[in-house]
*Asks:* 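Just dropping this structure here.
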Amino acid sequence: MQSAKQAKQAKHAQHAAIFKVVNLIPEGKVASYGQIADLAGLPGRARLVGKALSMAPEEITDKTADSAPEQKPLNWHRVLRANGQIAFAKGSEQAKEQIGLLQQENVAVFNHRVNIKEFGWQPDMHTLLHDLSF
DNA sequence: CGGATGACGTTAA
DNA sequence: CTTAACGCCATCC
């Protein structure tokens with residue numbers, strides 16, 4: 001059953017890379033799924049990023065912070081579509097949650113979308129060289 | 001195995 | 001602005 005095991009590990013590695021990239025997005029900045037996929041070493045697989053985030057473990061639900069001293073607050077709310085639009089349907093709880101979190105970080109959201117030109121995250125050289133081993 | 005779906009992207013009309 | 005088409009791939013039925 002090594003193939004299954006390897007497949008599982010490979011998938012885990014992809015998720016880990018995606019979560020890593022997502023987690024290193026600074027406050028007040030947003031990134032698109034395609035950009036995350038690209039930085040995570042998965043060019044053209046933006047959908048995979050969304051899939052990974054949808055399969056995201058309980059790490060996103062960072063409630064009960066008292067029993068988890070070193071929780072992993074996945075910054076999924078800083079991930080938007082390439083055009084700066086919120087990935088969720090307008091009116092959905094997830095969308096409201098994401099918009100709220102973004103506004104909490106000084107990111108302006110107008111009509112369910114963000115000015116990607118203004119808040120688009122552009123990783124600096126140090127991040128590219130150090131965190132991504134690029 | 002094939003069809004449909006999805007927290008997507010880009011280009012074209 | 002909207003629609004459509006194609007690409008790309010994991011997952012479900």
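A note on names: the letters A, B, ... follow the listed sequences, proteins ahead of strands, and every chain is numbered from 1. Computed from a predicted model, the values in this text were never measured in an experiment.
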*Asks:* Rounded off to whole Å, could you give me the CG-to-P distance for the A:Leu53 and B:dA7 pair?
*Replies:*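 About 11 Å, once rounded to whole Å.
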
*Asks:* Which pair of heavy atoms, one from A:Ala31 and one from A:Ile25, lies closest together, and at what distance?
*Replies:*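 Smallest heavy-atom distance, with atoms named: CB-CD1, 3.8 Å.
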
*Asks:* Starting at CG of A:Asn83 and ending at P of C:dT3, how long is that distance when rounded to a whole Å?
*Replies:*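 Between P of C:dT3 and CG of A:Asn83: 15 Å.
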
*Asks:* Indicate the ring-plane relationship of A:His126 and A:His130, choosing parallel, tilted or perpendicular according to the 30° and 60° boundaries.
*Replies:*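 Rings of A:His126 and A:His130: parallel, as their planes differ by under 30°.
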
*Asks:* How close or far is atom C1' of B:dC8 from atom CG of A:Asp38, stated in whole angstroms?
*Replies:*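 Going from A:Asp38 (CG) to B:dC8 (C1'), I get 13 Å.
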
*Asks:* A:Leu101 CG to B:dA7 P: how many Å, rounded?
*Replies:*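 About 19 Å, once rounded to whole Å.
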
*Asks:* Distances under 3.5 Å only, N/O to N/O: pair up the protein atoms with those of nucleotides 5-7 of chain C.
*Replies:*
from: C:dG7; atom 1: O6; to: A:Arg47; atom 2: NH1; distance (Å): 3.4

*Asks:* Could you give the CZ-to-P distance, from A:Phe19 to B:dA7, as a whole number of Å?
*Replies:*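 Whole-Å distance recorded here is 15 Å.
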
*Asks:* Counting heavy atoms from C-beta on, name the nucleotide in B:dA7, B:dG9, C:dC8 closest to the side chain of A:Ala82.
*Replies:*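 Given the options B:dA7, B:dG9, C:dC8, the side chain of A:Ala82 is closest to B:dG9.
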
*Asks:* Which nucleotide in the set C:dA10, C:dC8, B:dG9 lies at the smallest distance from any side-chain heavy atom of A:Leu48?
*Replies:*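 Looking only at heavy atoms from C-beta outward on A:Leu48, the closest nucleotide is C:dA10.
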
*Asks:* Side chain of A:Arg45, backbone of A:Pro43: donor and acceptor closer than 3.5 Å?
*Replies:*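 Yes, A:Arg45 side chain to A:Pro43 backbone: donor-acceptor pair under 3.5 Å.
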
*Asks:* Go through it in stages, so that I can follow the logic: the residues are A:Gln98 and A:Leu80, the test is side-chain contact (heavy atoms from CB on, under 4.5 Å), and I'd like the CA-CA distance, side-chain angles, deciding distance and then a yes or no.
*Replies:* CA-CA 10 Å; A:Gln98 185 168 19; A:Leu80 313 174; 3.4 Å; yes

*Asks:* Write down the distance between OH (A:Tyr33) and C1' (C:dC8), rounded to a whole number of angstrom.
*Replies:*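 In whole Å, C:dC8 C1' lies 16 Å from A:Tyr33 OH.
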
*Asks:* Using atom CZ of A:Arg78 as one end and atom P of B:dA7 as the other, report the distance to the nearest whole Å.
*Replies:*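 One finds 22 Å between P of B:dA7 and CZ of A:Arg78, rounded.
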
*Asks:* I'd like to know if the side chain of A:Gln14 reaches the main chain of A:Leu48, judged simply by a donor and an acceptor atom lying under 3.5 Å from each other, with no hydrogens or angles considered.
*Replies:*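 No, A:Gln14 side chain to A:Leu48 backbone: no donor-acceptor pair under 3.5 Å.
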
*Asks:* Assign A:Arg113 to base, sugar-phosphate, or nothing according to its heavy-atom contacts below 4.0 angstrom with the strands shown.
*Replies:*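 Sugar-phosphate, backbone atoms only, no base.
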
*Asks:* Polar-atom pairs under 3.5 Å, protein N or O versus N or O of nucleotides 11-13 of chain C: list them with distances, or write none.
*Replies:*
from: C:dT11; atom 1: OP1; to: A:Lys11; atom 2: NZ; distance (Å): 3.1

*Asks:* Mark yes or no for whether A:His112, through its side chain, and A:Gly91, through its backbone, hold a donor-acceptor pair below 3.5 Å.
*Replies:*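 Side chain of A:His112 to backbone of A:Gly91: no pair is present.
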
*Asks:* Going through the checks in order, is the side-chain contact (heavy atoms from CB on, under 4.5 Å) test met by A:Asn115 and A:Phe110?
*Replies:* CA-CA 8 Å; A:Asn115 190 342; A:Phe110 293 112; over 6 Å; no

*Asks:* What distance separates A:Leu53 CG from A:Lys51 NZ, expressed to the nearest 0.5 Å?
*Replies:*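 Taking CG in A:Leu53 and NZ in A:Lys51, the distance rounds to 12.0 Å.
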
*Asks:* Distance only, no hydrogens: is a donor on one side chain within 3.5 Å (strictly under) of an acceptor on the other, for A:His77 and A:Glu105?
*Replies:*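 Note: A:His77 and A:Glu105 side chains meet the donor-acceptor criterion.
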
*Asks:* If I pick the P atom on C:dG7 and the same atom on B:dA7, what distance separates them, to the nearest angstrom?
*Replies:*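 The same atom, P, in both gives a distance of 22 Å.
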
*Asks:* Between A:Ile18 (CD1) and C:dA10 (P), how many Å, whole number?
*Replies:*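 So the two atoms are 11 Å apart, to the nearest Å.
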
